[in-house]
Amino acid sequence: MDEITITSQPKSGYVIRNKPLNLQCRANHATKIRFKCSSKWIDDSRIEKLIGTDSTSGVGFVEASVDISRIDVDTSAHIDAFQCQCYASGDDDQDVVASDVATVHLAYMRKHFLKSPVAQRVQEGTTLQLPCQAPESDPKAELTWYKDGVVVQADANVIRASDGSLIMSAARLSDSGNYTCEATNVANSRKTDPVEVQIYVDGGWSEWTPWIGTCHVDCPLLRQHAHRIRDPHDVLPHQRRTRTCNNPAPLNGGEYCKGEEEMTRNCKVPCKLDGGWSSWSEWSACSSSCHRYRTRACTVPPPMNGGAPCFGDDLMTQECPAQLCTADTSRIVISDTAVYGTVASIFIVASFILAILAMFCCKRGGGKKRKSSKPLKMTPEKAGGIYYSEPPGVRRLLLEHEHGTLLGEKISSCSQYFEPPPPLPHSTTLRSGKSAFSGYSSTRNAGSRAALIQECSSSSSGSGGKRTILRTSSSNCSDDDNYATLYDYMEDKSVLGLDTSQNIVAAQIDSNGARLSLSKSGARLIVPELAVEGEKMMYLAVSDTLSDQPHLPPVESALSPVIVIGQCDVSMSTHDNILRRPVVVSFRHCASTFPRDNWQFTLYADEGTGWQKAVTIGEENLNTNMFVQFEQPGKKNDGFGWCHVMTYSLARLMLAGHPRRNSLSAAKRVHLAVFGPMDMSAYRRSFELRVYCVPETGAAMESVWKQEDGSRLLCESNDFILNEKGNLCICIEDVVPGYSCEGPEVVEISETQHRWVAQNGLHCSLKFRPKETNPPPFSTRVIVYQKASSTEPMVMEVSNEPELYDATSEEREKGSVCVEFRLPFGVKDELAILLDMPNESHSDWRGLAKKLHYDRYLQFFASFPDCSPTSLLLDLWEASCSGSARAVPDLLQTLRVMGRPDAVMILERFLSAFPQIVSP
């Protein structure tokens, strides 16, 4: 029998949608052919066969073909590729010949491009890159670029990059148009939304024209009339020249030329003019010494070209006439006496009335207590210095919780520096830690006494239902001199309108300073040494309530929550600033500044007179009383963008911004989170997932946690870049078998609805239902992307299996207080003595500011007469290097590069005392 040979092998291919792949096989000297795919024989009834004899060679052959469908591939138990072979044999099946392996693939293309082109406006001659990365597909999709519907042809200026991007090495005016990227394979063809590319030309000046004008002057005539001329330069001849903005002229919205179109200059004349006096001014009013004066100036004309100056006095004084002096003095004396007498009388009467009212209130309060219980008398020895009476320093708390619950009553705030105070429910008060409820002696100085607002309890006796925050002698009080619980019990959890365990931290601070932190809310406060005199209770609070924010212009957007620093234990009559040196407030912001920063930042502050623009970054001047420093997201700051504000006053602060150039888009960094049911049994019936998109500030996510109390965080992701323009899409893919999506698989939120997450973020609900009574563990993929954006889509793997991802609201962190700094006060003082003295090489505090990148507005650090510039720089350094274990060694290296071995020696001596530097 002749040997069986396979002359036509089955070829690998794709199953396209509902179109099967036809595998063909031909063998000589065989009588039958069978197919085997993924270790299973194909039923003979599906195989089409043709038996015949070759007309040329006379050799008998068998041809067979079979269609492999999508069902065959989906239902097979193959682990890797779906592979098929044909087997040819004779009638006795003794000689069997196998063909080569053919691999069958399912052709597909997903819906969303991994990278899409974004509209751009670039200057002529610059490099332009339009990104495009095809959707996930098999086989790999081919990319084609279209401009205004016509295929873009590659040339010397237009390049197709290996990743699919379209690069124009030098953009031309003719390159302007609408561009689209198309991805094509055997399964499908998809196009991106068209994006506009605009090439503009900035204007350029032509050459200056020659100077025009004569410089001839008649000197004798000029001297003859000089006494009539206030400024000779007004009548002296001058020359002018011009230029035109046409080299090139601006096109397609390009900027007009900057600078002046015309220039003038005064002619140089040889005329010599002697100075002349102006007329005497009017007599001034009589002074307290009964004198008056008048002045004149050597300006008619001023000396010119070496002319003689004026001779004589420019100031004349004389004694006032007797009648004017006597009458005026008498009037002043009578007026002052009347004013002072009236003020004194009012003060005496008011004091008398207040004393009577105080005695009456005390008697009534004592009577009420006697009705319910015996009088409570506690001596400092028995009660730890605590006695129960209303202290004079009771202050209303700051900030509002919800606009609908406000009573509109004009009340005092927790800090005397906020006028008019924001309204708050009148039942919430704060008692000063240095008032009658404080058990500490004012003479003790064992370090800052720091405390957190932590626990809640109910107490209404003797207060008529008033909710009061007070310090007690319970077991919550610490015996450590450095720390003390200032607030142990309170009836209502809402303090300053915020959740007390998350959004506010307070500390009793003395001259040793302290560091207050709300890490989950993204805020920190550094009160340096000697910043306060005596002991003061200060607090740091964070609010993302919209009613707390300033009213911003339409072009601006909020980039941070409202940060509040204030004092609680202040007297009703105190208006002075308690700070003796600036403090540093640090908070997270959501502006995306890398790799391209197109933000113009503005810091708003309310120092007691309402919200005002405090600093426009890059436009600081001598009147700017705050310094703002930004940090790029990185490892040393937990990957978040931070803003550090050095301020000399207690205030409310908020960062805002707008795009610096309208031609370029600015972007925000947002946080994505997916929440689902806590109870696993909830997945056996219809349920929903909630996808949140909130600013990457920390405080916004804390608000989400409060809303999702009782739910479970299934997945989250940081640093999704969101542009102002472009619809936001949330897509569901790869839902595990056993579940189905009840709503649309793609939710598109228009740019007018998401509003650049300006309203503290947004969320949408995705509904699912199980198909079975006992469904498998739930999982799906949630893809978030923005149309017309070059940002890569964020793919979130969502599962309800606890071992994969499990987080609840109980894991939220509370505020903390620390009294340690990276450098002791003595070390910073030694460095200040060395670096405060300026030198010619700038290896002083100015050089340190430049090395630390704090030199944008250098004058700020020299504007405090009682503060060392070096110490202020180190305070800001303390704030910016929070969380960095190498902060001090890096500072040492900076001083070494500056060429300051004396300062290096101080830090080396400090570091030698520790085996390692641990971040406080």
Side-chain angles (χ1 to χ4, degrees), residues 447-448 450 482-483 505 507 509-519 522-532 538 540 581-588 627 629-632 634-638 640 642-647 815-836 845 847-854 861 867-898 900 902-920:
S448 295
N482 290 335
Y483 295 87
V505 60
I509 301 176
D510 60 14
S511 59
N512 291 324
R515 302 159 65 106
L516 284 69
S517 176
L518 292 167
S519 59
R524 300 191 293 261
L525 170 65
I526 286 187
V527 182
E529 299 95 333
L530 305 181
V532 296
M538 299 181 63
L540 168 69
R581 62 183 293 119
V583 299
V584 183
V585 186
S586 305
F587 53 87
R588 282 163 52 181
F627 184 84
Q629 178 70 19
F630 289 95
E631 278 191 67
Q632 298 284 1
K635 292 183 179 179
K636 74 172 186 176
N637 45 38
D638 302 325
F640 301 118
W642 283 85
C643 174
H644 307 286
V645 179
M646 181 168 275
T647 174
S816 62
V817 180
C818 177
V819 293
E820 297 179 359
F821 294 93
R822 294 188 177 277
L823 291 179
F825 178 76
V827 174
K828 289 187 281 190
D829 192 43
E830 290 184 77
L831 292 175
I833 294 174
L834 295 178
L835 300 178
D836 280 352
W845 68 271
L848 179 62
K850 186 175 182 180
K851 290 293 184 181
L852 297 177
H853 306 292
Y854 301 162
F861 301 100
C867 299
S868 155
T870 304
S871 67
L872 295 178
L873 291 172
L874 293 176
D875 290 343
L876 187 58
W877 168 81
E878 285 270 2
S880 62
C881 66
S882 177
S884 173
R886 287 203 47 82
V888 179
D890 289 346
L891 178 63
L892 185 147
Q893 183 62 25
T894 298
L895 294 171
R896 182 176 283 119
V897 173
M898 288 173 55
R900 293 304 301 257
D902 49 355
V904 170
M905 186 179 303
I906 293 174
L907 284 186
E908 287 179 339
R909 184 172 66 247
F910 166 69
L911 289 174
S912 64
F914 301 93
Q916 62 180 358
I917 301 298
V918 181
S919 175

Minimum heavy-atom distance [X]-[Y], with the two atoms named:
| X | Y | value |
| --- | --- | --- |
| S517 | V505 | O-CG1, 4.1 Å |
| E529 | N512 | CG-O, 3.6 Å |
| A507 | V817 | CB-CG1, 3.9 Å |
| I526 | V583 | O-CB, 3.4 Å |
| F821 | A514 | CZ-N, 3.7 Å |
| S586 | H644 | OG-ND1, 2.7 Å |

Contact between [X] and [Y] at the side-chain level, heavy atoms closer than 4.5 Å - yes or no?
| X | Y | result |
| --- | --- | --- |
| L852 | L876 | no |
| E878 | L823 | yes |
| L848 | L831 | no |
| P582 | T647 | no |
| V888 | F910 | yes |
| I906 | L834 | yes |
| L872 | F627 | no |

Point-to-point distance, once rounded to the nearest 0.5 Å, from [atom1] of [X] to [atom2] of [Y]:
| X | Y | atom1 | atom2 | value |
| --- | --- | --- | --- | --- |
| F825 | S871 | CZ | OG | 8.0 Å |
| F587 | W642 | CZ | CH2 | 10.0 Å |
| S816 | L518 | OG | CG | 7.5 Å |
| L895 | L891 | CG | CG | 5.0 Å |
| R524 | R588 | CZ | CZ | 10.0 Å |

Checklist entry - Checking salt bridge (Lys or Arg N to Asp or Glu O under 4.0 Å) against D875, which of R581, R822, R515 comes through? => result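 Single salt bridge (Lys or Arg N to Asp or Glu O under 4.0 Å) partner of D875 among R581, R822, R515: R581.
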Item to check | Lys/Arg N to Asp/Glu carboxylate O, R896 vs E908, below 4.0 Å | outcome: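 Judged by the 4.0 Å cut-off on N to carboxylate O distance, R896 and E908 do form a salt bridge.
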Checklist entry - Counting only N and O atoms by type, is there a donor-acceptor contact under 3.5 Å from the side chain of E830 to the main-chain atoms of L907? => result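 Between the backbone of L907 and the side chain of E830 there is no qualifying donor-acceptor contact (under 3.5 Å).
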Item to check | Flag, side chain of Q629 to backbone of W877, donor-acceptor distance under 3.5 Å | outcome: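 The answer is no, because no donor-acceptor pair under 3.5 Å joins these two groups.
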